[in-house]
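Notes to accompany the following structure.
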Amino acid sequence: MDIRFYNTLSKQVEPFFTVTPGVVRMYSCGPTVYDFAHIGNFRSFLFADLLRRFLETAGFSVQHVMNITDVGHMTEDNAADGGGQDRMQEAISRMKENKKSGRVPEGAISDPNDPYQIAEYFTRAFVNDGRSLAYKVAYEYPQKTPRATEHIAGMQAMIADLIQRGHAYVAADGVVYFSVESFPEYGRLSGNTLEHLHEGKGGRVSDQNQALKRHPADFLLWKPDNHHIMKWDSPWGVGYPGWHIECSVMARQLLESPVIDIHTGGEDLIFPHHECEIAQSCGASGHYSFANFWIHARFLLVEGEKMSKSKGNFFTVRQLLDGTATFQGEALPAVHPAVLRYELLKAHYRSNMNFTRKGLQDSAGAVKRLTEFRRRLESAAGGQVAAPDLQHPIVQRFLGCLADDLNIAAALGVVLPWANEPSSDPAADLAAFKLINQVLNVAPLGEGLPDCQPQYYGEFDEEDEAYQAALNLCRELDAARQQKDFARADLIRSQLIEAGFDVKTTREGTVISV
RNA sequence: GGCGUCGUGGCCGAAUGGCUAGGCACCGGAUUGCAAAUCCGUUUAUCCCAGUUCGAUUCUGGGCGGCGCCUCCA
C-alpha cells in the first residue's frame, strides 16, 4: 500500500517509510496532569490513535508511546528563563479549593499539598477519559505512558551528554542552557530560524537572564531552584528539568532508538517544543533526524471560536460524557462516548475542526447507522464470521483513503453508503466491518481492547433500575395500545420521552433507546 | 512583520480539467390511531479577481477571509 503523510518537517505530503521494515516507532506528546483533559487535547490524541490504528490495520507493528508531564513546569516556561508560576503550585491551590467545596471525591487525595498525589489524581482521570474514548495507548498505561518524573536520571544523563558534546553550557548563574548556535539545523521544523526569531522581545525575558545566555533563543535544560515544588538533586544543583528534555529522553528510551518514525502533537507544539526536542535529540545522538515524520493536528474550535474558559465554551471529556457541560447557559445532553469519539475523529487532522452541537447530532446519526448495519450483518450472518480479508473491496477503498494522508472523510464516504446497502455475503461483510472498526472503533466502541466491554451506541445496562422501569412502561404502553386506549398510550410515551428515551413502536412492540 | 495551514450547498465533509461522493438537516410521498423509526423521491455549492484552456470548482498568479505558531497551551 502506498502510504503518504504530510510531514511538517518538509511541509509536503511524502511517502511513508520506517527505520525498521514493518515496525513503526511512534511518540505522541501527551497531557500535563495539572487538570482534567479537554476535548481539544483529545482531538489531538484521537488523531494519533487513528493514525496508529490505521498503520496497525495496514500491517505494521506499531509501538506507540505517549508521555505524561507531571514535573510542574512554569506558566511562562519559555526558552529563556523559566519564569511565571509553577503550574503544579497552581494545581495545588485549585485542588485545595475543590476539596473544600466537595468537588473532589472523598479519599481521592489525602494531602493536597503533595504534588505526586495531584499528578496521580489527574493521571488516573486522564487514563479513564482516554479509555472511555477507546484511546488505545490509554489501555497500555502505565507501560507505554511514561511519567516525566520517573525519567529524571535519563534527562540528567542526556544533559551531561549535551554539555560534553558542546551543545549545552552552564551559565554564570548555574542554569544549564542548550546552545542553539551549536545546532545549525535549529529552525528546520518550524521555520523559526535564528534570524527570524524575535529576540527576547516584549520585556518578558529579564535582561539579567539574557545577559547570561550566549544567544537569546538558548533554552533551559536544567534550572537549579530550591523553591520549585518538585525538585531533584543533580550535578548542577537541586532543581528541575526544562520542559523539552523529557520527550527527547523518554522517546529514545521507550522506543529504544535514537531515530523514531513518527512524532505527533498539536500544532502549537511545533515551536518551540518540537524544535527544541529535535535540537536535543539530534545533538545528543549525532543523528541528522530525531523523528522522520512530524505530524501535527490542527486546533479544535468550539462553535467557530477558540475554546477558552472565559468564553464558556471550554469542555472537558468527562463533562460531555456525564452531561454536566453547559453551553450558552444551556445544559448539553450527555454524549455517548462512541459519538464523542466519532465527532473528534471525523474531520481531517490538518483542518480546523469545529466542535458544534449540530456536529454531535450528526455524529450520533452516523454512529447509529454503523451500529445498526453491524447488527444487521450479525443477525444475517447467523454467528458466522469470515476470516479477516484485507482484499475486501470496501476495506481496500477504506484503507486506501486513509493511506492518502489520513483522509478520514473520504474513508467515511466509503463506509457509510456501504452501510445502507443490503449485504450479499454477510459473513464476509461482517469480517470487513470488523477490520474497519479496528480503525474507527465506534461500532462498538472498545472492540478489540483488552479489559474493555465493547460498548454499542444505544445500548443499555440490563441491570439498570431506570432501564427496567422503562421496560415496564413499554409493556404498559403496548397493553394500552392493544385496548385502543390511545390517550393513556400517549401519556406513557411522553413519560418515557421525558425520561430521556427514544421511543419506537414496532410490530413487535415498543422499543426504547438512548 | 516572519513561518505555516485551510476556504465546496443549511451543516459536516469527499472528488474531479468537462459526466459534479456520502452523511445529517429540510421538503414531498408511502406506512402509522398519533408520534418515532423505516422505505421511496426531490432541492440547494465550489471565497473574489485575472490568466492558461474548446472548457476550471480542479492548474497558475494576485487578492480577501478563518485558524495556528513566532510567549504557557493538544
Side-chain angles (χ1 to χ4, degrees), chain A residues 6 8 11 28-32 37-48 73-80 82-85 87 90 187 189-193 195-205 217 243 264-275 296-301 304-308 343 346-366 368-370 372 401 404 407-420 481 484-487 489-490 493-494 496-497 501-507 510-513:
Chain A
Y6 179 88
T8 308
K11 295 173 184 56
S28 297
C29 274
T32 53
H38 59 255
I39 53 175
N41 296 320
F42 265 96
R43 189 271 218 268
S44 146
F45 299 150
L46 289 178
F47 139 72
H73 292 294
M74 311 306 275
T75 51
E76 288 167 35
D77 193 12
N78 57 34
Q85 294 291 308
R87 295 180 67 196
E90 292 185 335
L189 181 71
S190 63
N192 290 325
T193 54
E195 311 85 80
H196 284 141
L197 283 169
H198 287 190
E199 301 183 350
K201 234 187 146 184
R204 300 193 182 185
V205 177
W243 171 37
T264 73
E267 59 176 328
D268 56 319
L269 294 181
I270 296 170
F271 189 89
H273 187 51
H274 290 163
E275 194 72 63
H296 293 97
R298 308 245 5 224
F299 262 43
L300 170 125
L301 304 177
E305 291 189 281
K306 187 172 175 175
M307 188 164 58
S308 73
E343 171 71 12
K346 74 181 180 188
H348 187 83
Y349 71 94
R350 240 163 357 97
S351 64
N352 281 129
M353 164 181 284
N354 194 10
F355 185 88
T356 61
R357 204 183 299 227
K358 192 162 186 318
L360 281 175
Q361 285 166 13
D362 285 4
S363 294
K368 190 172 166 193
R369 189 167 285 268
L370 293 173
E372 284 171 359
C401 292
D404 178 18
N407 190 343
I408 181 68
L412 292 171
V414 170
V415 175
L416 287 166
W418 177 54
N420 278 337
R481 290 186 72 242
K484 306 233 184 272
D485 184 354
F486 296 125
D490 289 346
R493 178 156 49 213
S494 57
L496 282 167
I497 290 170
F501 295 101
D502 253 4
V503 184
K504 294 181 207 172
T505 300
T506 67
R507 267 189 223 94
T510 300
V511 181
I512 48 174
S513 60

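In what follows, chains are A, B, ... by sequence order, proteins preceding strands, each numbered from 1.
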>> Show, in sequence, the C-alpha distance, side-chain angles and deciding distance for A:Lys346 and A:Glu343, and conclude whether the salt bridge (charged side-chain N to carboxylate O under 4.0 Å, His left out) test is met.
In response: CA-CA 6 Å; A:Lys346 74 181 180 188; A:Glu343 171 71 12; 3.0 Å; yes
> Going through the distances and angles, do A:Lys306 and A:Leu300 end up as a side chain to side chain contact (heavy atoms under 4.5 Å, CB included)?
Replying inline: CA-CA 7 Å; A:Lys306 187 172 175 175; A:Leu300 170 125; over 6 Å; no
>> A:His296 vs A:His274, test: side chain to side chain contact (heavy atoms under 4.5 Å, CB included). Steps then yes/no.
In response: CA-CA 10 Å; A:His296 293 97; A:His274 290 163; 2.8 Å; yes
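If you check every strand for non-hydrogen atoms under 4.0 Å, A:Ala347 touches sugar and phosphate atoms only. Within 4.0 Å (heavy atoms only), A:His348 reaches sugar-phosphate atoms of the nucleic acid but no base atom. Using a 4.0 Å heavy-atom cutoff across all strands shown, A:Gly365 reaches no nucleic acid atom at all. Within 4.0 Å of A:Ile408, counting heavy atoms only, lies no atom of the nucleic acid at all. At a threshold of 4.0 angstrom between heavy atoms, the contacts of A:Phe486 include nucleobase atoms, whether or not backbone atoms are also involved. Within the nucleic acid shown, A:Lys346 comes within 4.0 Å of sugar-phosphate atoms alone, with no base atom in reach, counting heavy atoms only. Contact annotation for A:Leu416: backbone-only contact, meaning every heavy-atom pair under 4.0 Å involves sugar-phosphate atoms and none involves a base. Nucleic acid contact class of A:Gly191 (heavy atoms, under 4.0 Å, all strands): sugar-phosphate only. Within the nucleic acid shown, A:Ala410 comes within 4.0 Å of sugar-phosphate atoms alone, with no base atom in reach, counting heavy atoms only.
Between A:Glu267 and A:Val503, the residue anchored closer to the 5' end of RNA chain B is A:Val503, taking for each the nucleotide with the nearest heavy atom. The 5' end of RNA chain B is approached more closely, in terms of each residue's nearest nucleotide, by A:Ala487 than by the other of A:Ala487 and A:Gly265.
One finds no side-chain N or O of A:Asn192 lying less than 4.0 angstrom from the OP1 or OP2 phosphate oxygen of B:rC70. Taking only side-chain nitrogens and oxygens, A:Asn352 never comes nearer than 4.0 Å to OP1 or OP2 of B:rG68. For B:rC67, the OP1/OP2 oxygens have no side-chain nitrogen or oxygen of A:Asn354 closer than 4.0 Å. The phosphate of B:rG22 (OP1 or OP2) has no side-chain N or O of A:Trp418 nearer than 4.0 angstrom. Of the side-chain N and O atoms in A:Tyr349, none sit less than 4.0 angstrom from OP1 or OP2 of B:rA74.
Put simply, the side chain of A:Arg493 and the base of B:rC34 share a donor and an acceptor less than 3.5 Å apart. Side-chain N/O atoms of A:Thr505 and base N/O atoms of B:rA35 include a donor-acceptor pair closer than 3.5 Å. Evaluation of atom-type donor-acceptor distances gives a pair under 3.5 Å for the side chain of A:Asp490 against the base of B:rG33. Judged by distance alone with a 3.5 Å cut-off, a donor-acceptor contact links the side chain of A:Asp362 to the base of B:rG23.
Under the Watson-Crick or G-U wobble criterion, with both distances below 3.5 Å, B:rU38 is paired with B:rA30. Nucleotide B:rG22: paired with B:rC12 (Watson-Crick or G-U wobble, both distances less than 3.5 Å). With a cut-off of 3.5 Å on both Watson-Crick or G-U wobble distances, the partner of B:rC69 is given as B:rG2. In this structure, B:rA45 forms no base pair with any nucleotide, since neither Watson-Crick nor G-U wobble geometry is met with both distances under 3.5 Å.
In this entry the distance linking CD1 of A:Ile270 with P of B:rU5 reads 10 Å, nearest Å. Look at CD on A:Gln361: it is 13 Å from C1' on B:rG10, rounded to the nearest Å. If you take CG of A:Asp268 and P of B:rC69, they are 6 Å apart, rounded to a whole angstrom. Atom CZ of A:Phe355 and atom P of B:rG13 are 13 Å apart (whole Å). The CZ atom of A:Arg43 sits 14 Å away from the P atom of B:rC12 (whole-angstrom rounding).
Between B:rA74, B:rC3, B:rC69, one nucleotide has an atom nearer to the side chain of A:Asn41 than all others, and that is B:rA74. In the set B:rC3, B:rC6, B:rC69, the nucleotide with an atom closest to the side chain of A:Arg350 is B:rC6. Side-chain atoms of A:Arg481 lie closest to B:rC34 of the nucleotides B:rC34, B:rA14, B:rC69. Comparing atom distances between the A:Pro272 side chain and each of B:rG23, B:rC70, B:rA74 picks out B:rC70 as nearest. Proximity note for A:Ala409 (side chain, C-beta onward) versus B:rA74, B:rC34, B:rG13: the nearest is B:rG13. In the set B:rC73, B:rG4, B:rC24, the nucleotide with an atom closest to the side chain of A:Arg369 is B:rC24. With B:rC69, B:rA74, B:rG33 as the candidates, the nucleotide lying closest to the side chain of A:Ala489 is B:rG33. Residue A:Ser44 has its side chain nearest to B:rA74 when only B:rG68, B:rA74, B:rC73 are considered. Listed candidates were B:rA74, B:rA37, B:rA25. Nearest to the side chain of A:Lys358 is B:rA25.
Comparing the P positions of B:rC54 and B:rG29 gives an interatomic distance of 49 Å, to the nearest angstrom. Nucleotides B:rU5 and B:rG61 are separated by 13 Å at their P atoms, to the nearest Å. The same atom, C1', is picked in B:rU16 and in B:rC26; the two are 28 Å apart, to the nearest Å. Taking the P atoms as reference points, B:rG62 lies 16 Å from B:rG1, given to the whole Å. B:rU60 sits 35 Å from B:rU43 when the C1' atoms are compared, rounded to a whole Å. If you take atom P in B:rG22 and the same atom in B:rC64, they sit 37 Å apart, rounded to whole Å. Annotation: B:rG41 and B:rC47 have their P atoms spaced 30 Å apart (nearest Å). Separating the P atom of B:rC49 from that of B:rC12 is a span of 23 Å, rounded to the nearest Å.
Put simply, A:Phe299 rests on the base of B:rA74: the two rings are less than 5.5 Å apart at their centres and nearly parallel, under 30°.
A:Asn192 places no side-chain N or O within donor-acceptor distance of the main-chain N or O of A:Gly187, the cut-off being under 3.5 Å.
Atom CG of A:Leu301 sits about 4.5 Å away from atom CG of A:Asn352, to the nearest 0.5 Å. Note that NE2 of A:His348 and OH of A:Tyr6 are 10.0 Å apart. Values are rounded to the nearest 0.5 Å. Taken from CG in A:Asn407 to SG in A:Cys401, the straight-line distance is 6.0 Å, to the nearest 0.5 Å. Rounding to the nearest 0.5 Å gives a distance of 6.0 Å between OG1 of A:Thr510 and CZ of A:Arg481. Put simply, CE on A:Met307 and CG on A:Asn41 are 7.0 Å apart, with the number rounded to the nearest 0.5 Å. A distance of 3.5 Å separates NE2 of A:His273 from SG of A:Cys29, quoted to the nearest 0.5 Å.
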